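Below is one structure, written out as structure tokens; the observations come after it.
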Amino acid sequence: MESSQSASSRSASSNSATEHLSTPKAAYVHVPFCHARCPYCNFTVVANRLDLVDRYVEAVTRELTSLVHPRTVNTIFIGGGTPTLLPRAPMVRLFEAIRTWVPLVDGGEWSIEANPQDVDRDLCLLLRDQGINRISLGGQSFDAAKLKMLGRDHTGDQLANSIDIATQYFDEVSVDLIFGVPGESMQVWKSDLQTATSRSVSHLSAYGLTYEKGAQYWSQLQKGQIVAVEEEIELEMYLYAIETLTQHGMNHYEVSNFAKPGSECLHNQTYWQGDAWLGIGPGAAAYVDGIRSVNHRSTLKYLQRMESGLSPVAESQTLDWSTQTRERFIFGMRQLKGVQWSSLVNSGEPKSVEAIAQQLPKHIELGFLEWHEGNIRLTPKGLPISDSLWLDYW
Ligand code: SF4
């Protein structure tokens, strides 16, 4: 029985077991600019402040220069915020700085998040010429009332057009959709999925709306000004997404992510597998040598610190071996393939691996987890309630 594989079979830690912590293979660059702040968003964002763009590009270039020597990475992800809101000249300067300091390996993945409203042929050509090979459209919905509720500044037609244009220039086109928006019916969600799958997107992220502290929606919910979609309906929406997207040939490879075979986002796998990554820009998090650090979330503070020759880091924490092991397990379990047990045993802190092993049988017995070819993974029954399981593994 595979559950008999235990921490006691763990071999001695080796240099190769920790190399994934010291050599970042991924770089995230945060661009904080947006037209306006959406009511559900609590990301590091500045609305309507394009006057700061030149200072921002200069500051990010300084932060990259502080790497001292170029770090070759497998993946780059430019996220936000709305990176495609940058005017073309500073956008190109940003890309040049990124290419200089975090050059991509041959065949590496370079993603950028884009607002559907900004996507046209000129932009796609520019991005492709700069080396970007994957575009992620922050669409959220094709439905007018839902988009209005989400405070989005694009229309459903603009999202559909942006997909059609992007697929002419990029093999890898991803779309984000949100479900469980106040007032949303099952019919609206079905229609969103139908429209998305009728177009040739290679990757789709389907997120249930969350009410984050600090976001406008959070306080509106507390005051009863908006009503959250009932849990059972949200669950039905999630299960419907899984059924529809897998029927359309998409591989459900992470709790919220679906991809045509071979189009899985490599960058995000760095996070889920507990490998090291660089984080550049305001509010960006990094994880190198077992140290998790987060830059100042205030864009102005980040700029001022970089301009004064100070570190952009607001907080940093050294994760001990036990925490690294537990995080690697919990984040890894977000992937539908689960966690390779022998790899966790070989690189994890023995007592933590043993503690994880002791928790598994009850969740296996309840039908939430299962063994499959040496991996421990979520079952379809465990998937919708997965977040509630992980408390037992801390
Ligand atoms: S949800 Fe996206 S577009 Fe809206 S404010 Fe947040 S980062 Fe900007």
Side-chain angles (χ1 to χ4, degrees), residues 30-50 52 79-85 113-118 136-159 175-193 195-196 204-241 255-257 282-285 294 296-302 314 384-388 391:
H30 190 78
V31 181
F33 304 100
C34 283
H35 287 291
R37 183 180 279 279
C38 303
Y40 59 94
C41 178
N42 77 340
F43 295 158
T44 296
V45 159
V46 279
N48 208 13
R49 286 301 310 264
L50 286 183
L52 298 175
T82 310
T84 50
L85 192 58
E113 287 183 338
N115 184 330
Q117 212 180 18
D118 301 328
S136 177
L137 300 165
Q140 318 313 348
S141 177
F142 298 91
D143 180 81
K146 185 170 161 187
L147 285 169
K148 191 172 176 206
M149 184 72 200
L150 288 169
R152 302 293 302 188
D153 54 7
H154 63 83
T155 65
D157 282 348
Q158 279 174 324
L159 173 57
V175 175
D176 287 356
L177 294 179
I178 289 186
F179 60 90
V181 175
E184 181 181 5
S185 66
M186 192 64 196
Q187 200 44 50
V188 168
W189 179 233
K190 283 183 178 180
S191 168
D192 271 346
L193 288 169
T195 311
L204 198 144
S205 304
Y207 298 108
L209 181 71
T210 52
Y211 296 85
E212 306 289 345
K213 215 167 184 177
Q216 188 185 319
Y217 262 16
W218 166 268
S219 51
Q220 284 183 288
L221 188 71
Q222 307 306 312
K223 290 177 194 157
Q225 293 168 345
I226 52 173
V227 180
V229 165
E230 284 174 33
E231 260 179 48
E232 301 86 78
I233 296 178
E234 201 176 330
L235 174 61
E236 207 185 316
M237 288 174 165
Y238 179 54
L239 297 178
Y240 184 81
V255 173
S256 305
N257 286 284
V294 186
H296 281 278
R297 275 176 65 95
S298 155
T299 298
L300 273 175
K301 187 150 195 174
Y302 169 84
I385 52 110
S386 59
D387 281 349
S388 64
L391 287 174

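One is the number of the first residue; the rest follow in order along the sequence. Note that the structure is a prediction, hence the values are computed from the model and not measured.
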Scanning both residues in full, the closest heavy-atom pair of Ala47 with Ala36 reads CB-CA, 3.7 Å
CD of Glu184 to CG of Leu209, rounded to nearest 0.5 Å, is 9.0 Å
Do Thr155 and Phe142 have side chains that approach each other closer than 4.5 Å (heavy atoms only, starting at C-beta)? no
Exercise. Under 30°, 30 to 60°, or over 60°: which ring-plane class applies to Tyr238 and Phe179, parallel, tilted or perpendicular?
Worked result: parallel
Could you walk me through whether Val227 and Leu221 pass side chain to side chain contact (heavy atoms under 4.5 Å, CB included), step by step? CA-CA 6 Å; Val227 180; Leu221 188 71; over 6 Å; no
| said: Set out, in order, the CA-CA distance, both residues' side-chain angles and the distance that settles side chain to side chain contact (heavy atoms under 4.5 Å, CB included) for Glu113 and Thr84, then state yes or no. | reply: CA-CA 7 Å; Glu113 287 183 338; Thr84 50; over 6 Å; no
| field | Ion pair check, Asp192 and Lys146, cut-off under 4.0 Å | value | yes
In short, Leu193 meets Ala241 closest at the heavy-atom pair CD1-CA, 3.6 Å
request  = Say whether, by atom type as modelled, one donor and one acceptor occur between the side chain of Arg297 and the main chain of Ala314 under 3.5 angstrom.
outcome  = no
dist Leu177:CG -> Trp189:CH2 (nearest 0.5 Å) comes out at 5.0 Å
Task: Donor-acceptor under 3.5 Å (His154 side chain, Gly139 main chain) - done: yes
Problem set entry | Side-chain donor or acceptor of Arg152 paired with backbone N/O of Gly138 under 3.5 Å | yes
### Query
Do other residues, nucleotides or ligands put more than 12 heavy atoms under 6.0 Å from Glu231 CD?
no
- Message: Let's go through Asp176 and Ser136 carefully: what are the C-alpha distance in whole Å and the side-chain angles of both, what is the deciding distance for side chain to side chain contact (heavy atoms under 4.5 Å, CB included) to 0.1 Å, and is it a yes or a no?
- Response: CA-CA 7 Å; Asp176 287 356; Ser136 177; 4.1 Å; yes
Rounded to the nearest 0.5 Å, the CG atom of Asn115 sits from the CG atom of Leu137 at a distance of 9.0 Å
Sorted by chain and number, sequence neighbours left out, ring-ring contact (aromatic ring centres under 6.0 Å, His included) with Phe33 holds for Tyr56
Take Ile226 and Met149 through the side chain to side chain contact (heavy atoms under 4.5 Å, CB included) test and state the conclusion after the steps. CA-CA 10 Å; Ile226 52 173; Met149 184 72 200; 3.5 Å; yes
- Query: Within the distance-only criterion (no hydrogens, no angle test), does the side chain of Gln222 pair as donor or acceptor with the backbone N or O of Ser219 below 3.5 angstrom?
  - Reply: no
Crowded around Phe43 CZ? As in, over 12 foreign heavy atoms under 6.0 Å? no
Hey, does Val31 have a side-chain heavy atom less than 4.5 Å from the side chain of Thr82? no
For the side chain of Ser141 and the backbone of Asp143, is there at least one donor-acceptor N/O pair under 3.5 Å apart?
yes
